[in-house]
Amino acid sequence: MKKFLIAVVVILIGIQFIPVERTNPPVISDIDAPADVKAILKKACYDCHSNETNWAWYTKVAPSSFLAVKDVNDTRKNLNFSEWNINKEAKYKEEIWDEIREEQMPPWQYKIFHSEAKLTPEEKNLLRNWATNK
Ligand code: HEC
């Protein structure tokens, strides 16, 4: 048992030296949205869906860092508020409201460490009105 625990500790220390790159590429075309909507997107979505990621402590510790960096890199390809394509805005808005209505976004794991990303009914209303152009 003792040997096993030592092995686990050695592995956990060892993997900290595997390089992972946490990037924040330049903002190309930030989404143009009303200030109140933008404030919600910034606090609840930007860590994954923008080039302005606030890399939290757990993204700097392996193994959670591996998952976080991969997640952000993939997510930026999916929907990126820093590389906003106005021609696709209508489609994006539809998807955004779908995800929020179905409680899929922000992801539940993220909300464990980011209580500010738990959207209140008022915040959801604001996003719905914006996304559905009401
Ligand atoms: C912790 C990172 C994280 C945060 C924070 C986050 N997302 Fe996501 N989002 C993801 C990941 C990962 C995917 C891809 C998930 C999948 O395909 O199952 C995704 C996918 C999406 C998609 C695309 C779904 C599709 O079908 O292509 C939309 C729209 C979306 N998120 C909107 C939002 C909005 C709006 C917020 C803020 C309210 C948000 N996300 C916050 C990680 C995040």
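Every number for a ligand or one of its atoms is a count from 1 in the order of the listing. Side chains included, hydrogens not; waters and symmetry mates left out as well; all remaining heavy atoms used. Numbers here are sequence positions counted from 1. Just so you know, these numbers come straight off a predicted model, no measurement behind them.
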Hey, could you give me the [atom1]/[atom2] distance between [X] and [Y], rounded to the nearest 0.5 Å?
X: Ile31; Y: Asn85; atom1: CD1; atom2: CG; value: 11.5 Å
X: Leu41; Y: Tyr46; atom1: CG; atom2: OH; value: 6.5 Å
X: Cys45; Y: Phe81; atom1: SG; atom2: CZ; value: 5.0 Å
X: Glu83; Y: Ser50; atom1: CD; atom2: OG; value: 9.5 Å

Does [X] use its side chain to pair, donor to acceptor, with the backbone of [Y] at less than 3.5 Å?
X: Arg22; Y: Trp55; value: no
X: Ser64; Y: Tyr58; value: yes
X: Lys111; Y: Leu119; value: no

Look at atom 7 (N) of ligand 1 and say whether a protein heavy atom is found at less than 4.0 angstrom from it.
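Protein heavy atoms within 4.0 Å of atom 7 (N) of ligand 1 - there is at least one.
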
Flag: protein heavy atom within less than 4.0 Å of atom 3 (C) of ligand 1
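So atom 3 (C) of ligand 1 has protein heavy-atom neighbours under 4.0 Å.
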
Element-labelled atoms of ligand 1 that are located less than 4.0 Å from some non-hydrogen atom of [X]:
X: Glu95; value: 29 (C)
X: Asn78; value: 14 (C), 27 (O)
X: Leu79; value: 28 (C), 29 (C), 30 (C), 32 (C)

Could you tell me whether [X] approaches ligand 1 through its side chain, its backbone, both or neither, with non-hydrogen atoms closer than 4.0 Å?
X: Asp98; result: neither
X: Ile96; result: both
X: Pro107; result: side chain

Lys3 atom NZ: more than 12 heavy-atom contacts under 6.0 Å
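Counting other residues, nucleotides and ligands, NZ of Lys3 stays at 12 neighbours or fewer.
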
Quick one: nearest non-hydrogen protein atom to [atom], plus distance?
atom: atom 5 (C) of ligand 1; value: Ala44 O, 3.3 Å
atom: atom 1 (C) of ligand 1; value: Cys48 SG, 2.7 Å
atom: atom 12 (C) of ligand 1; value: Thr75 OG1, 3.2 Å
atom: atom 34 (C) of ligand 1; value: Cys45 SG, 3.4 Å
atom: atom 24 (C) of ligand 1; value: Glu99 OE2, 3.5 Å

Under 3.5 Å between some N or O of ligand 1 and some N or O of His49?
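For ligand 1, there is an N or O atom that lies under 3.5 Å from one belonging to His49.
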
Near atom 8 (Fe) of ligand 1, is there an N/O/S atom from Met105 that is less than 2.8 Å away?
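Checking atom 8 (Fe) of ligand 1 against Met105, an N, O or S atom does fall under 2.8 Å.
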
For Glu123, run the salt bridge (charged side-chain N to carboxylate O under 4.0 Å, His left out) check against Arg128, Lys118, Lys43 and tell me which one passes.
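Among the candidates, only Lys43 passes.
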
Less than 4.5 Å apart, any side-chain heavy atom of Glu21 and any of Val69?
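Glu21 does not reach Val69 side chain to side chain.
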
Check if Asp47 has a non-hydrogen atom at a distance under 4.0 Å from any atom of ligand 1.
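Distance cut 4.0 Å: Asp47 fails for ligand 1.
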
